[in-house]
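Some notes on the structure that comes next.
Predicted, not measured: the structure shown is a model, and the values here were computed from it.
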Number of protein chains: 2
Amino acid sequence: MDKMYKENNLSKNQQIIFDLIDKSSEPLKAYTILFSVQKKGIKAPPQVYRALDKLVETGKIHKIESKNAFVACRNSNCEISKATAFSICESCEMVDEINDDKLTKYLTNFSDKKGTKYKRFNLEFFGLCKKCK
Amino acid sequence: MDKMYKENNLSKNQQIIFDLIDKSSEPLKAYTILFSVQKKGIKAPPQVYRALDKLVETGKIHKIESKNAFVACRNSNCEISKATAFSICESCEMVDEINDDKLTKYLTNFSDKKGTKYKRFNLEFFGLCKKCK
DNA sequence: TTTAAAATTGTTATAATATAACATTATGTA
DNA sequence: TACATAATGTTATATTATAACAATTTTAAA
C-alpha cells in the first residue's frame, strides 16, 4: 500500500473508531461500535478493543467505567486521562465530561491520611441532567 | 423451615456472600465468589449477582467499577454508597476505601458550570500503595 | 535504500462478566 | 390465615473482553 493514513497520529482502525465515538452524542459500547464498523471491514472484537485500548491510552477517548462505554475526550486539560470527571444522567444516560480546573486541582493534589498522593483518578457523578429534571 | 436468619437484616445468601467479602483483604469478583460458595449451596451466577446487587443497594459493599470487583464498606459515613472514594494500587491491586470528610463534603457540594448538583458520586484514585513504592 | 524492530491488522476461538425468564419457597404483615 | 413481597433455585443465554497466532504495514536506524 502506498497511501498512508498518518497526517494525524491515528491508524486506520483507530481513526474509524475514534470518528464514530467523536460524532456520537452518547457513550458507545464496544459491540455497538463493532456492529457500526463492520461495513468498513472491522469484523472482530479484538480489532475494536485494540483500537479502544490505544485511544484510551493516548487520551483521545475515555472509558465510562460504570457503563462499559466510551466517549471522546472533550477536555484539553485532562492530560492523557490522568484526571477525568464525568456527569452521568441516571435517567437518559447522557454523559458529559466535566472540565473544572478547581476540581482537577483539588483532586490532583489530594493526599490521603497516610500522606499518599495519587497519579491518576476517575470521578463519576450521578444525578439528573437538566432535561430530565 | 423454622430457624430464620434474621437477627440482622441479611438473607442467607446475602450473609454468606457478605461474610466472604468482608473477610477478604482484596476485592472479590463475582465468579471468584461463586466458586468459593459452591460448597455452601450457592451454585449459579444469578444467586451471586442478586446478593451482590442487594448488598450494593444497601451499602454493605461497594463495587470497584474499574475492576468489576467488590469490597465491604469500611466507611460509616458513606450513606448507602452515595459518596464513595477508593485508592487503588496499580501494582498489587490493593484497594482501600477513603474516608475523608473534607473530600466527601467537597464532592457532595460540587456543582458544575451549569449549577447542577449531583446526588451520588464514585471516585477512584490510582497510584502505588506504600508497600509497592 | 535495505532491513530489522515495532506497531497494526486480521482471524478464530474462548474466557469472563452479567442477566432473562420462570418456577418455587420463605418471610413479613394485615 | 392469607396475601404481598422478598429471596431462592435453575437453565439458558446475553454481553463484555482477551488469548493466541499469522500476516502486513510503518518507522527509523544502519
*Once you round it to whole Å, what is the distance between C1' of C/dA18 and NZ of B/K54?*
19 Å
*Rounded to whole angstroms, how far apart are CD1 on B/I16 and P on D/dG9?*
8 Å
*So, are A/K130 and A/D96 salt-bridged, with charged N and O less than 4.0 Å apart?*
no
*Could you give the OH-to-C1' distance, from A/Y49 to D/dA20, as a whole number of Å?*
18 Å
*asked:* I want to check one thing: is the phosphate of C/dG10, taken as OP1 and OP2, less than 4.0 Å away from some side-chain N or O of A/Q47?
replied: yes
_Heavy-atom nearest nucleotide on DNA chain C for B/F70 versus A/A51: which residue maps closer to 5'?_
A/A51
*Would you call B/E124-A/R120 a salt bridge at under 4.0 Å N-O?*
no
_Phosphate-side-chain proximity, B/K29 and C/dT17, N/O vs OP1/OP2 below 4.0 Å_ = yes
*What integer distance in Å separates A/Q38:CD from C/dT11:P?*
12 Å
_At 10 degrees resolution, what angle do the end axes of the helix from C/dT1-D/dA30 to C/dA30-D/dT1 form when each is taken over five base pairs?_
40°
*Using a 4.0 Å heavy-atom cut-off across all strands, classify A/K67 as base, sugar-phosphate, or nothing.*
nothing
_Euclidean distance, A/K43 NZ relative to A/L34 CG, rounded to 0.5 Å_ = 11.5 Å
*Can you tell me how far P of C/dA6 sits from CZ of A/R50, to the nearest Å?*
18 Å
*Of A/T104, A/D100, A/N99, which is the lone residue that meets side chain to side chain donor-acceptor pair (under 3.5 Å) with A/N75?*
A/N99
*Does some side-chain heavy atom of B/Y118 sit less than 4.5 Å from a side-chain heavy atom of A/F126?*
no
*Parallel under 30°, tilted from 30 to 60°, perpendicular over 60°: which one fits the rings of A/F125 and B/F110?*
parallel
*Of B/P46 and B/N68, whose nearest nucleotide on DNA chain D comes first from the 5' end?*
B/P46
*Salt-bridge criterion met for B/R74 and B/D22 (N-O under 4.0 Å)*: yes
*Given atom NZ of A/K12 and atom P of C/dA7, what is their separation to the nearest angstrom?*
19 Å
*Does the aromatic ring of B/Y31 sit over the six-membered base ring of C/dT17, closer than 5.5 Å centre to centre and tilted less than 30°?*
yes
_Whole angstroms only, please: what is the CG-C1' distance between B/N9 and C/dT27?_
14 Å
*C/dT8 phosphate, OP1 or OP2, under 4.0 Å from A/Q14 side-chain N/O*: yes
